[in-house]
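Reminder, nothing fancy here: chain letters follow the sequence lines and each chain counts from 1. Not measured: the values here are computed from a predicted model.
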Amino acid sequence: MLKVACLPSHPFEKLVARKKRQGSEAVVEALLPPCSHSTRLVATLIQKLQHHLALSPSNPSRLSANNNDAAKFAQIPSWVSLKRTSSSSSEKTPPLQLGRVENLHLVSLSKQAKLKEAREFLEQMDKAGVSVSPRSYESLLEACRNLESLSVGRYIHERLRRTVKNPSGFLENCVLRMYCDCGSLVDAQMVFDEMAERNLGSWVVIMSAYAQAGFLEKSFWLFSDMIEFGIEPNSVIYTGLLKYLVNPSLVEIGRQVHSHVIRSGLSSIVAINTAICNMYVKCGWFDGAKLVFNQMDEKDSVAWTGLMVGYTQARKQRDALDLFVKMLMEGVELDQFVFSIVLKACAGLEDLNLGRQIHGYIVKLGFETDVSAGTPLVDFYVKCLNFESACRAFERISEPSDVSWSAMICGYSQIGNYEEAVKIFTSLRNNSLVLNSHIYTSIFQACFALADFNLGAQAHADAIKRSLISHLYGDSALVSMYSKCGRLDYATRAFESIPAPDTVAWTAIISGNAHHGNASEALELFGRMQDCGVRPNAVTFVAVLTACSHSGLVTEAKRYMDSMHSQYGVDPTIDHYNCMIDIYARAGLLQEAFELIKNMPFDPDKTSWKCLLGGCWTHKNLELGKIASENLLQLDPEDAAGYILLFNLYASSGKWEEAARVRKLMTERNLKKELSCSWITVKGKVHRFIVGDKHHPQTEEIYLKLEEFNHSMTMMNDENGLLTKEDVSSTFPERKEQLLVHSERLAMAFGLISTPTNTPIIIFKNLRACKDCHDFAKHLSDITGRRIVVRDACRFHHFQSGQCSCNDYWVHASMSSVSVTINGLLGVENLRFHFHLCL
DNA sequence: CTAGGGTTAG
């Protein structure tokens with residue numbers, strides 16, 4: 001059985017536990033009457049605002065203290081277990097009715113979602129001859145509904161039919177709802193057809209179910225059936241239908257429903273007007289929505305929120321916020337939900353100051369601890385790149401929901417702390433808290449950033465089991481994750497299983513093929529994408545150009561670049577120009593690359609010059625190389641890559657004095673080459689190696705294995721005189737022996753002795769693959785017959801039978817790099833490393 | 001049971 005790797009205990013475990021404890025208190029708090037001082041605060045707030053705007057109060061505050069006695073009942077537990085009743089019962093307690101305790105237990109089990117136990121207990125009750133009360137059936141059916149357990153639902157229904165002669169209309173509706181919510185419309189229809197007495201509720205349930213499942217026509221047939229039966233539709237019937245009229249093609253039906261509502265005399269009800277208004281918003285008829293909204297006599301915060309949603313969906317954040325101010329001025333009582341949309345508008349504008357002011361309102365109103373206001377607050381701060389504030393906002397939420405955690409996971413991913421994101425996920429999972437498809441999407445993303453195939457595959461399996469793979473979002477994340485973990489085969493499978501891939505999904509698979517060096521497949525996919533009528537975007541073209549770059553397709557790249565604007569209406573960005581510079585430079589067309597840098601409509605950035613410099617190094621053009629490096633060092637004097645490339649350029653041209661000067665400069669500025677490191681995952685455990693590493697428990701075996709191949713390899717190289725040191729790691733002269741124990745060789749040797757012969761050996765490396773090790777891997781694949789995959793800072797290399805998929809067409813580490821921190825290095829514990837992952 | 005609104009992702 002697949003199990004998500006259990007990570008070491010983590011402060012979040014404690015946090016989760018604490019939140020759990022706080023949860024019970026929060027429930028009690030929620031039962032208390034609304035806090036009167038908060039409503040008073042709203043009034044003061046508006047007064048202040050009105051004063052500020054020099055307006056006279058339009059109408060007296062209609063806010064009143066809303067007292068009730070709910071607090072008195074707050075202490076009554078919502079369920080009673082058998083144990084507690086028997087142990088705490090004293091002689092004063094009146095004798096319980098027969099089967100009362102058993103039925104209470106059944107209700108309690110249902111409320112706790114313990115369906116399996118409930119079913120077992122039901123069977124025990126059967127044996128004991130205790131009858132099941134209608135109340136128990138209601139709870140059981142509700143639990144099946146919530147857990148979408150059709151099988152248990154069917155069992156309960158069957159049992160109900162056998163034992164209860166004349167079930168109430170309400171109980172029959174419970175059965176109907178259970179089938180609808182468990183997704184079996186066939187069963188639902190059968191129950192509906194056989195119902196002795198259909199009330200309005202029954203019609204609502206079945207009609208909404210059909211509408212929700214997309215069978216709008218069927219639900220409207222039922223609507224006219226109902227009218228034929230002489231049943232007067234009430235507002236619930238209408239709102240049940242209106243809820244599912246959600247796109248512009250349905251606006252005509254919406255208008256018809258609207259006119260029905262007017263004729264039936266229900267048009268003064270706030271809820272139904274709100275529903276009509278929201279229907280028009282979702283169908284894109286904004287004028288209609290405003291018309292309905294303005295004609296409403298009484299507008300509460302629900303109505304206002306609905307219209308604000310319309311504005312934010314149309315990306316009119318300012319208008320949404322104007323509406324909010326208007327709402328405050330009219331003295332509408334605010335609730336938590338208003339703030340979610342207000343904060344979304346602030347996040348859309350990336351207006352940190354405005355959001356902070358809204359945060360202030362929230363605190364004043366006492367909504368800070370409420371999930372509904374607190375979660376959007378967390379999201380707002382994450383979107384405004386203010387992670388510390390997001391953490392503080394999260395801490396204040398008394399009962400965080402899966403959405404709150406989801407926002408935090410995004411926050412951690414955004415600051416590059418993917419490990420923490422994964423830890424929260426495992427923590428939530430181990431504590432059986434609710435997970436959702438957004439969380440899984442974020443986790444797939446974290447797995448590709450960490451290049452953790454093992455965790456990624458487990459999370460995937462886990463998500464399948466819970467059916468929490470989001471259509472397109474989750475699917476695309478999986479494609480990227482597998483391709484970035486070196487498994488293009490899985491990525492392809494994940495992609496092929498998407499029924500209708502969109503731009504992002506296509507881009508993910510094209511990009512995957514590009515980085516694995518399958519240029520022709522990538523370009524073919526690009527063609528297929530257009531055949532499917534999916535439009536490419538800027539990112540798609542980066543993937544297409546990357547494919548050309550890794551295979552030296554200069555003319556094709558030029559053609560794609562030229563067609564971007566004219567044929568596809570996508571404006572090239574600096575990323576596209578840098579791809580093009582890279583393509584020219586790799587192909588040795590250095591003058592073309594330089595011309596492009598000078599003439600492109602953007603100021604060249606670090607990447608532009610690095611691409612040119614890389615080309616100058618491979619094609620030994622000292623003249624241009626100097627220009628490139630001067631510009632590069634001017635843009636960023638701290639970037640070691642510039643010095644290293646320049647050093648190599650001088651060294652390869654035999655200019656040793658200049659080379660030494662560059663090295664001296666590096667030392668003076670205290671710049672160091674990044675430590676080269678390789679890792680391989682075997683049976684879920686990551687084994688990391690640095691050059692000459694002897695910390696691994698199987699060190700002896702590894703070196704013995706390496707010796708075998710190094711020997712044959714050295715013989716071969718000495719014969720051909722191939723032992724060159726032209727890679728990045730040769731910046732500092734190193735001994736020949738050191739070359740033989742480069743980290744990737746250690747990882748390969750370990751892979752050979754610890755994995756089955758029929759599987760590929762997949763190695764990850766933080767820097768670019770060195771020429772000698774690249775040759776070594778080719779040699780190894782030839783004499784062992786194993787497939788070897790090496791992902792370096794630049795791309796994937798697939799070695800097979802002495803050949804590499806890159807056709808030796810890889811040059812230098814460049815392009816954007818993502819800094820990732822990885823803990824727990826093998827043998828160097830608690831050391832934090834920064835790996836450059838280019839993909 | 002008994003209406004209408006929001007927040008998270010590729």
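Atom pair A:Phe293:CZ and B:dG4:P shows a separation of 18 Å (rounding to whole Å applied). Separating the CG atom of A:Asn273 from the P atom of B:dG4 is a distance of 14 Å, rounded to the nearest angstrom. At whole-Å resolution of the value, CD1 in A:Ile439 and P in B:dT7 are 17 Å apart. In this structure, the CD atom of A:Gln313 is 11 Å from the C1' atom of B:dG6, given to the nearest Å. Between the C1' atom of B:dC1 and the CH2 atom of A:Trp203 lies a distance of 19 Å, rounded to the nearest Å. B:dG4 atom P lies 18 Å from atom OH of A:Tyr280, rounded to whole Å. For A:Tyr418 and B:dA9, the OH to P distance is 14 Å, given to the nearest whole Å. At whole-Å resolution of the value, OH in A:Tyr440 and C1' in B:dG10 are 17 Å apart.
A:Phe293 has its ring centre less than 6.0 Å from the ring centre of A:Trp304. Annotation: A:His359 is in aromatic contact with A:Tyr381 [ring centroid separation under 6.0 Å]. Ring pair A:Phe425/A:Trp405: centre-to-centre distance not below 6.0 Å. Taking the six-membered ring for Trp and the full ring otherwise, the centers of A:Trp506 and A:Phe526 sit at least 6.0 Å from each other.
Among the atoms of the strands shown, only primed sugar atoms or phosphate atoms (P, OP1, OP2) are found under 4.0 Å from some heavy atom of A:Ser442. Using a 4.0 Å heavy-atom cutoff across all strands shown, A:Asp475 reaches no nucleic acid atom at all. Counting non-hydrogen atoms under 4.0 angstrom, A:Asn436 reaches a base of the nucleic acid. At a threshold of 4.0 angstrom between heavy atoms, the contacts of A:Gln445 are confined to the sugar-phosphate backbone, with no base atom among them. At the heavy-atom level, A:Val309 lies under 4.0 Å from the strands shown only through sugar-phosphate atoms.
For A:Ser340 against B:dT7, a side-chain-to-base donor-acceptor contact under 3.5 Å is absent. A:Asp502 contributes a side-chain N or O that forms a donor-acceptor pair with the base of B:dG10 under 3.5 Å. In terms of polar N and O atoms assigned as donor or acceptor, the side chain of A:Asp300 comes within less than 3.5 Å of the base of B:dG4 in a complementary pairing. Looking at A:Ser470, its side chain comes within 3.5 Å of the base of B:dA9 through a donor and an acceptor atom. With hydrogens and angles ignored, a donor-acceptor pair closer than 3.5 Å exists between the side chain of A:Ser301 and the base of B:dG5.
With rounding to the nearest 0.5 angstrom, the CG atom of A:Asp300 is 9.5 Å from the CD atom of A:Glu333.
Closest contact between the side chain of A:Thr239 and the listed nucleotides B:dA9, B:dG5, B:dG4 involves B:dG4. Of the candidate nucleotides B:dG4, B:dG6, B:dG10, B:dG4 has the atom lying nearest to any side-chain atom of A:Thr274. Listed candidates were B:dG10, B:dG4, B:dG5. Nearest to the side chain of A:Ser476 is B:dG10. Relative to the side chain of A:Ala477, the nucleotides B:dG5, B:dT8, B:dG10 differ in distance, and B:dG10 lies closest. Closest to the A:Ser372 side chain, of the nucleotides B:dA3, B:dG6, B:dG4, is B:dG6. Residue A:Tyr473 has its side chain nearest to B:dG10 when only B:dG6, B:dG10, B:dT8 are considered. If you check B:dA3, B:dG4, B:dG10 against the side chain of A:Val270, the one that comes closest is B:dG4. Of the listed nucleotides (B:dT8, B:dG5, B:dG10), B:dG10 has the atom at the smallest distance from the side chain of A:Leu472. When distances run from any side-chain atom of A:Ser235 to the nucleotides B:dG4, B:dA9, B:dA3, the shortest one goes to B:dA3.
Using cut-offs of 30° and 60° for the angle between ring planes, the A:His460 and A:Tyr482 rings count as tilted.
Look at A:Lys243 and you'll find a side-chain N or O under 4.0 angstrom from OP1 or OP2 of B:dG4. Between A:Lys383 and B:dT8 there is a side-chain N or O to OP1 or OP2 distance below 4.0 Å.
Counting only N and O atoms by type, the side chains of A:Ser301 and A:Asp335 include a donor and acceptor under 3.5 Å apart.
Stacking here means ring centres nearer than 5.5 Å and ring planes tilted less than 30 degrees, and by that measure A:Phe337 does not stack onto B:dG6.
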